Amino acid sequence: MPRSTWTPCRDAIRIAPSLLAADFGALTEAVHSLEGTGIERLHVDVMDGVFVPNFTFGTDTVRVLKRETSLPLELHLMIVEPDKHLELFRDAGADAITVHYEACPHLHRTLVTIRELDCRAGAAIVPSTPALVLDDVLEVMDLALVMTIDPGWGGQKLIPRTLRKVAQVREEITRQGLETEVEVDGGVDATNARACVEAGADVLVAGTAILRHEHGPGAGVAAIEAAIAG
Ligand code: DX5
Ligand code: ZN
């Protein structure tokens, strides 16, 4: 869904399953198992083995995902020099592209470029990066992603201190009167989802808690929704 047709829904918490937790040998089945569970976007982690030690999806996989589902694809680029690859990922089917502050010497220009490609633009910060680094670019971002684990792998435990940064980003977005979404990513599950929302997150990325739930992805989504509802 191009940025030009996206309408941010402010009143509902969004859940974005991370495909990193899927069985890579049955990725399209995993995607189809998520449709109809109430989620409205897919979180696609791209890793280059340099920015983070792990490797995952490339543009060909994004193209397959685009063919298999109408769910918007939100790419999380954990790569160095993302500017070199923005158009490739847009052409492969990205609806949103999130880059890392730590990988972008000219983050403002990168975000503006992503929007010019008609994708929603996001910036992510790792646990050791202070929230204030985003203050001066929130106005050119559709999504602020606060990593709640050290990026590279799923299945880790959420780092509680990162929720302070969620609150700081949310406060700054409100202060600036913006519509930017706040997203948390890493170790999110039914035990901490409510705390994430109370801190100020409106998009929850969850991989393990959904795609590796003992009763299937639908139960995983429902457990997080129930936790948020309280
Ligand atoms: C990690 C990724 C996350 C991860 C989340 O670098 O950015 O999206 O897949 O997976 P869980 O929810 O299992 O921690
Ligand atoms: Zn991610």
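Just follow the structure's listing: the first ligand is 1, and inside any ligand the first atom is 1. Only a predicted model underlies this, so the values are computations on that prediction, with no experimental measurement involved.
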message: Could you go through Glu183 and Leu204, starting from their C-alpha distance and side-chain angles, then the distance that decides it, and tell me whether this counts as side chain to side chain contact (heavy atoms under 4.5 Å, CB included)?
response: CA-CA 6 Å; Glu183 180 168 290; Leu204 308 183; over 6 Å; no
Decide whether an N or O pair under 3.5 Å exists between [X] and ligand 1.
| X | answer |
| --- | --- |
| Asp45 | yes |
| Thr208 | yes |
| Gly155 | yes |

Identify, by atom number and element, the atoms of ligand 1 in contact range of [X], meaning under 4.0 Å from any of its heavy atoms.
| X | result |
| --- | --- |
| Met78 | 6 (O), 7 (O) |
| Met47 | 6 (O) |
| Ala206 | 12 (O) |
| Trp153 | 1 (C), 6 (O) |
| Leu20 | 9 (O) |
| His43 | 8 (O) |
| His76 | 7 (O) |
| Met147 | 7 (O) |

message: Does either side chain, that of Glu29 or that of His32, offer a donor lying less than 3.5 Å from an acceptor on the other one?
response: no
- prompt: Do the ring planes of Phe89 and His85 sit parallel (below 30°), tilted (30 to 60°) or perpendicular (above 60°)?
  reply: perpendicular
message: So for Arg212, does at least one of its heavy atoms come nearer than 4.0 angstrom to any atom of ligand 1?
response: no
message: If the contact criterion is a heavy-atom separation under 4.0 Å, does Ala21 count as touching ligand 1?
response: no
Among protein heavy atoms, which lies nearest [atom], and at what distance?
| atom | value |
| --- | --- |
| atom 14 (O) of ligand 1 | Gly187 N, 2.8 Å |
| atom 10 (O) of ligand 1 | Gly154 CA, 3.6 Å |
| atom 9 (O) of ligand 1 | Ser18 OG, 2.8 Å |
| atom 12 (O) of ligand 1 | Gly207 N, 2.7 Å |

message: Are Leu86 and Leu77 packed together at the side-chain level, in the sense that at least one heavy-atom pair is separated by less than 4.5 angstrom?
response: yes
query: Quick one: does Val44's side chain get under 4.5 Å of His76's, heavy atoms only?
result: no
message: If you take the nearest heavy atom of each of Gly152, Ala209, Gly186, which one is closest to atom 6 (O) of ligand 1?
response: Gly152
task: For atom 5 (C) of ligand 1, state which one of Asp189, Asp185, Leu158 supplies the nearest heavy atom.
output: Asp185
Report the distance from atom [atom1] of [X] to atom [atom2] of [Y], rounding to the nearest 0.5 Å.
| X | Y | atom1 | atom2 | value |
| --- | --- | --- | --- | --- |
| Ser18 | Leu211 | OG | CG | 7.5 Å |
| Leu163 | Leu158 | CG | CG | 5.0 Å |
| Lys165 | Leu134 | NZ | CG | 8.5 Å |

- line: Vertex the Zn ion (ligand 2), ends His76/ND1 and Asp45/OD1: angle to nearest 10° comes to 90°
Under a 4.0 Å threshold between the charged nitrogen and the carboxylate oxygen, would [Y] count as salt-bridged to [X]?
| X | Y | answer |
| --- | --- | --- |
| Asp142 | Arg115 | yes |
| Arg175 | Glu171 | no |
| Arg14 | Glu181 | yes |
| Asp83 | Arg109 | no |

task: Could you check which N/O/S atom of His43 is closest to the Zn ion (ligand 2)?
output: NE2
query: Closest N/O/S atom of Asp185 to the Zn ion (ligand 2), by atom name?
result: OD2
message: Could you check whether any side-chain N or O of Glu87 sits under 3.5 Å from a backbone N or O of Leu117, counting only pairs where one atom can act as donor and the other as acceptor?
response: no
